[in-house]
Amino acid sequence: MNSRRKFLQGGILTSVAALTPVGLQAKNAENTTLSTKSIAGSGQITILQTTDVHCQLHAHDELFWENNELTFRKAGGYPHMATALQKLKEKNPQNTITLDTGDMFQGSMLSVKTTGQAFVPLLNAMDYDLYLPGNWEVVYYKKNMQKLLGGLLAPKICANMYHDLGDGKKGELIFQPYQIMHRMGIKIGFLGYTDPLVPLRQSPLYSKGIIYTKPEDNLKEYVTLLREQEQCDFVIILSHLGLSQQIALGNHPDCQGVDYIFGADTHERVRKPIQAEYTKIVEPGAFGSFIGKLDIQVKDGKVLGSTYELVEVDPIKYPADPAIKALVQDLEKPYKEEINKVLGYSTVPLYRNFVVENTIDTMIVDALKWKVNADVVLSNGFRFCPPRVPGKDGKVAITEGYLYDMLPVDSTIRTAKASGQQILDWLEKEMQNVFAQDASKRFGGWLIRFKGMQVEFKAFERVGHRVQKVTIAGAELDKNRLYTLCACERDGDPEDMLCRMKGVKEATNTAYTLHSMMKEYLAKFSPVTPILRHDAKILDGPQDLLSQVTGVDYTFR
């Protein structure tokens, strides 16, 4: 379905000021033809954004917060996304730009089995015009990231990922920093930034060979270049930083001159643009369940204004595109039987949407506590994995494929010892990562999950004073006692680190992995009922908190 027409004929008139080799290719391509899209006109330019699909191929259960309660309905799936994008394009065929802002290659069994390669022809068939790499694009390490993104036909932009020359020296940018497109006489500049905290948030070996910088390091330079030298009429930042960080960026003076930040990473559903001091911010959810749609009104080659809406990818309203459906079936065929193998069942819906606790990670820590003799077991505060609800038989089928959705990286299980004081300091640090008053200091993940420990905390207290009470094995935390902890090993972490806790002692890898442990647990105990226990109890906010974002006009629903 795809061809190079969008790359060669899509009105791409300028790529970069200081050309990298990648940028030079784009520069040569742009000069192939001049499109009539550069002629001044009246009407509207439509920009469509998908993000954080995490390799979810099919329509899936999706969680919504409506009438102050949880509700679920089907959404997403690449074949349905393709139809939705095409229907939206048909309303404005010559002046629609489609883009994806990251986490395209991590999050499913098919992705792991093919190290992401299965998604290259699929993404090309979706006919995107522009891409931004997300924080999980490095999950198969730098070389594979370059190969995967290099296989995509449309340009990739990112202004803060550099080749590491060693000794902390930056080489060239891995991708061109920005892209300019012409529509109706309007020059639109797209500038890209991904999460600079990747080496801290994820296994450090994933991003070995890459140096990340903060957007503020060159933001002003590029915005000035786009506005003054390139004379762009409209500037959009494509950002995979997380909504809190994106709001902080929108309040930074260097963001002056930016019209919109098209956000990603935190799976937030912004239905009305958030107005920061210098720009507006949007983010279109995750898993292909939504498409962000910006319409820019134009008259005689001048921008008059813009409107935004979040489009729900309803599989009934947008039936599967036959060609994309056939491609998905072909790509999945060698692994289909394994993907659909049922490992066990849950009697309650499985989801990861809540900041403080959720049923997926409750099930994981239940399994860890059963398998490993430790005082406290831990599960990272991941966001990825769509929900799954009971079928007609009243049970949620936990398949091999869904196990990969929950835990795409089959990490080795590790134990270590830490003092009560270390645990307390670590809890404060983890809560700062989630609830920092300064939005720019939030990591973008949910609160760490655990079993064997009960924590009462105030999310909105000042730094270092959030933890109010910690109990382990029914007794108050003893700051001088050594406790045995259990979590997954992260590739590249030092020997004395466990789940971002530094200085642990007697760290030992077990003979189990997360997948082998979960399979054994489900075989023995299915059907399971991972009811929320409130082991983490928030004292100054709702237990069912659905977003870290506060202080702006935004509600997750």
Side-chain angles (χ1 to χ4, degrees), residues 52 54 103 106-107 112 134-136 138-139 195 197-207 242 244 265-267 286 350-369 371-372 374 376-386 402-416 418 422-423 426-436 442-453 455 457 485-494 497-502 504 507 509-510 512-518 521 530 532 535-536 545 548:
D52 293 283
H54 285 288
D103 285 2
Q106 179 264 8
V112 172
N135 62 301
W136 280 105
V138 296
V139 68
D195 185 5
L197 299 174
V198 166
L200 297 176
R201 289 178 60 190
Q202 294 155 213
S203 299
L205 284 186
Y206 293 168
S207 53
S244 292
D265 180 58
T266 38
H267 303 185
L350 297 175
Y351 52 83
R352 252 193 184 134
N353 298 73
F354 291 126
V355 176
V356 178
E357 60 179 347
N358 63 62
T359 55
I360 286 178
D361 288 295
T362 296
M363 179 176 65
I364 291 170
V365 294
D366 283 350
L368 276 170
K369 196 75 169 71
K371 185 64 180 175
V372 181
V376 180
V377 298
L378 308 168
S379 180
N380 201 11
F382 293 126
R383 295 173 184 267
F384 50 74
C385 187
Y402 197 60
L403 177 60
Y404 275 87
D405 290 352
M406 293 186 285
L407 297 164
V409 180
D410 187 17
S411 301
T412 299
I413 296 171
R414 194 178 207 189
T415 62
Q422 282 178 286
I423 293 171
W426 169 79
L427 282 169
E428 287 285 359
K429 180 172 66 70
E430 287 294 311
M431 289 182 183
Q432 172 69 357
N433 291 341
V434 179
F435 300 111
R442 295 178 200 150
F443 257 41
W446 294 146
L447 187 66
I448 200 81
R449 322 297 185 176
F450 42 81
K451 187 174 185 179
M453 176 169 65
V455 178
F457 69 98
L485 308 177
C486 172
C488 66
E489 179 193 27
R490 303 195 323 164
D491 289 344
D493 272 350
M497 180 178 284
L498 183 73
C499 207
R500 293 187 295 273
M501 186 186 303
K502 296 179 180 179
V504 298
N509 285 352
T510 70
Y512 324 120
T513 68
L514 291 173
H515 283 202
S516 69
M517 176 267 300
M518 287 301 303
Y521 175 75
L532 303 182
D535 284 340
L545 194 64
Q548 298 162 289

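Each residue takes its place number in the sequence, starting with 1. The figures that follow rest on heavy atoms only: side chains count, while hydrogens, waters and symmetry mates do not. Computed from a prediction, not measured in an experiment: that's the story for all the values here.
Scored by the side chain to side chain donor-acceptor pair (under 3.5 Å) test, R442 finds S244 as partners (sequence neighbours excluded). Residues satisfying the side chain to side chain donor-acceptor pair (under 3.5 Å) test with N358, not counting sequence neighbours, are D361. In this structure, the side chain to side chain donor-acceptor pair (under 3.5 Å) partners of R383, at least two apart in sequence or on a different chain, are Q548. T412 meets the side chain to side chain donor-acceptor pair (under 3.5 Å) test with no other residue; sequence neighbours excluded. Here K371 pairs with E520 under the salt bridge (Lys or Arg N to Asp or Glu O under 4.0 Å) rule; sequence neighbours left out. By the salt bridge (Lys or Arg N to Asp or Glu O under 4.0 Å) test, E489 is found to be paired with no residue, residues two or more places apart in sequence or in another chain being considered.
Heavy atoms from other residues, nucleotides or ligands lying under 6.0 Å from NZ of K429 number more than 12.
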Between F457 and V356, does a side chain to side chain contact (heavy atoms under 4.5 Å, CB included) hold up when you go through it step by step? CA-CA 11 Å; F457 69 98; V356 178; 4.2 Å; yes
Apply side chain to side chain contact (heavy atoms under 4.5 Å, CB included) to the pair V138 and Q202, showing each step before the final yes or no. CA-CA 10 Å; V138 296; Q202 294 155 213; 4.0 Å; yes
Could you walk me through whether W426 and I448 pass side chain to side chain contact (heavy atoms under 4.5 Å, CB included), step by step? CA-CA 11 Å; W426 169 79; I448 200 81; 3.8 Å; yes
Full working for ring-ring contact (aromatic ring centres under 6.0 Å, His included) between Y404 and H515: CA-CA 8 Å; Y404 275 87; H515 283 202; 4.6 Å; yes
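Note on ring orientation: taking the six-membered ring where Trp is involved, the planes of W136 and Y206 are tilted (angle from 30° to 60°).
Heavy atoms only, all atoms of each residue included: L350 and T359 are closest at CA-OG1, 3.2 Å. For G492 against L205, the heavy-atom pair with the smallest separation is CA-CG, 3.5 Å.
A donor-acceptor contact closer than 3.5 angstrom is absent between the side chains of N433 and R201.
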